[in-house]
Amino acid sequence: MDPVRNPYAPGAGQRPPELAGRDRELKQFEVVLERVARGRPERSMIITGLRGVGKTVLLNAFRSMAIQRLWGTGKIEARPDQSIRRPVASALHMAVRELAPRHRAPDRIEGFLGVLKAFAQAGPEPSGRSKARVHRWQPGIDVPASRGRADSGDLEIDLTELFVDAASVATDVGVGIALFVDEMQDIPADDVSALCAACHELSQVGGPLIVVGAGLPHLPAVLSASKSYSERLFRYARIDRLDRESADVALLAPAEREEVTFTEDALDALYGAADGYPYFVQAYAKVVWDVAPDTPITADDIKVAAPEAESELAVGFFGSRYERATPAERDYMRAMAGLGDDPVPTAAVADELGRKPSSLSPARDGLIKKGLIYSAERGMVAFTVPHFGKFLRSQPA
């Protein structure tokens, strides 16, 4: 098989050749876009799921749908210790630049850019050592910063005013603005509260601006802890592994475009190996394509390719995450893995290690901050990466 023609793409956030099994979510977002375009009230949208299920891919697909409707769009990736003020400013700057050529009143655009610049400069120093205003940062905006709008230094007030003004500009053009937020669970707690409050205000005034977030399974709990009304503020979509039919489509559709196919036994073996997780489907299929001598690809080809695919996953997908953990955190994860693959009680992890639960809090909190585990519910923890427990059990102690 020609490796140059290999259609499979196991990359971080890289769109697979066939986006299978996500029709329901795509239709849901189509409804959101259509309702906002018609001035109907609609909630912003949140996608949740484990690592490797395609959240970023779906987020990018949503953005493409908004762009096709000539919306203004911007995207940020949240980081645990970084305020969203400047990333949001940059994203909305990009969104409004997309709308500006179609706006009939340049002074309206300039007025908003002045507010945007004031918003960006109103935050504290990035180091957190000083609360002094930062006037040195210039986000590529030539107009002077406005005064008295979105510049109070209180993110909740400023973000609300900025969103309302951005929505007003979009209304002038007859479209909407969509702000896409990846790794949303990593937004600092105070910023999450501000973002929810701004979305709440926007939903009340009916402005055509939506926030579309993607994050780990505990993201709804993070939002709910911030603002109790967040449960009603967003439309939630939980995505998981693909069913058998969708996994087969993800494999067959791109292969058949290259005049290659799989035997039924090969499809059985691949589904068994990848367990329907989109990233694993792409990872196994890419290696199988390269080792298979000819079409159709058979179950024997899967057997030959599986060790190489698993070795690549062990280094790039599992190993890289494991290496980020401290020795104490690794002990904690190994104890979790020893208890199985389902969410486990923190008390059981402590028993496994022969320790008091309170003494393990630093390790648990460190793993949560690094995005390696999440609190599935009160007193329970689970891996954010599918098959991570299996990987740990296969490693030498």
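Positions are given from 1, in the same order as the sequence printed here.
- Under the 30°/60° scheme for interplanar angles, the aromatic rings of Tyr374 and His218 are found to lie parallel.
- Screening residues 158-178 for salt bridge (Lys or Arg N to Asp or Glu O under 4.0 Å), with sequence neighbours left out, gives Arg85-Asp158, Arg108-Asp172, Arg149-Glu161, Arg149-Asp165.
- Under the salt bridge (Lys or Arg N to Asp or Glu O under 4.0 Å) criterion, Glu98 pairs with no residue, sequence neighbours left out.
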Derivation of the salt bridge (charged side-chain N to carboxylate O under 4.0 Å, His left out) call for Glu156 and Lys227: CA-CA 12 Å; Glu156 185 169 314; Lys227 297 288 187 183; 3.7 Å; yes

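- Each side chain to side chain donor-acceptor pair (under 3.5 Å) pair with one or both residues in residues 381-390, not counting sequence neighbours, appears once here: Asp275-His387.
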Pair Arg69-Glu34, salt bridge (charged side-chain N to carboxylate O under 4.0 Å, His left out): steps then yes or no: CA-CA 9 Å; Arg69 288 175 170 266; Glu34 187 63 30; 3.0 Å; yes

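- Applying the side chain to side chain donor-acceptor pair (under 3.5 Å) test to every pair with at least one member in residues 228-238, sequence neighbours left out, gives these pairs: Glu42-Arg235, Ser224-Glu231.
- Within the 4.5 Å cutoff, no side-chain heavy atoms of Val287 are placed close to those of Asp290.
- Of the candidates Phe280, Phe391, Tyr277, Phe317 forms a ring-ring contact (aromatic ring centres under 6.0 Å, His included) with just one, namely Phe280.
- Within the 3.5 Å criterion, the main-chain N or O of Asp190 finds no donor-acceptor partner in the side chain of Ser193.
- Sequence neighbours left out, the pairs with a member in residues 50-61 that pass side chain to side chain donor-acceptor pair (under 3.5 Å) are Arg51-Glu183, Thr56-Asp182, Asn60-Lys75.
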N/O donor to acceptor pairs below 3.5 angstrom from side-chain atoms of residues 199-214, sequence neighbours left out:
{"residue": "Ser203", "atom": "OG", "partner": "His200", "partner atom": "O", "Å": "2.6"}
{"residue": "Gln204", "atom": "NE2", "partner": "His200", "partner atom": "O", "Å": "3.3"}

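- Using a 30° and 60° split on the angle between ring planes, Phe383 and Phe388 fall in the perpendicular class, above 60°.
- Considering every non-hydrogen atom in both Ile187 and Val181, the closest pair reads CD1-CG1, 3.9 Å.
- At a cut-off of 3.5 Å, with distance as the only test, a side-chain donor of Tyr322 or Arg334 sits close to an acceptor on the other residue.
- Checked against the 6.0 Å centroid threshold, Phe62 and Phe180 do not count as a close aromatic pair.
- Inter-residue side-chain proximity for Lys117 and Pro144 is flagged as unmet; no heavy-atom pair is nearer than 4.5 Å.
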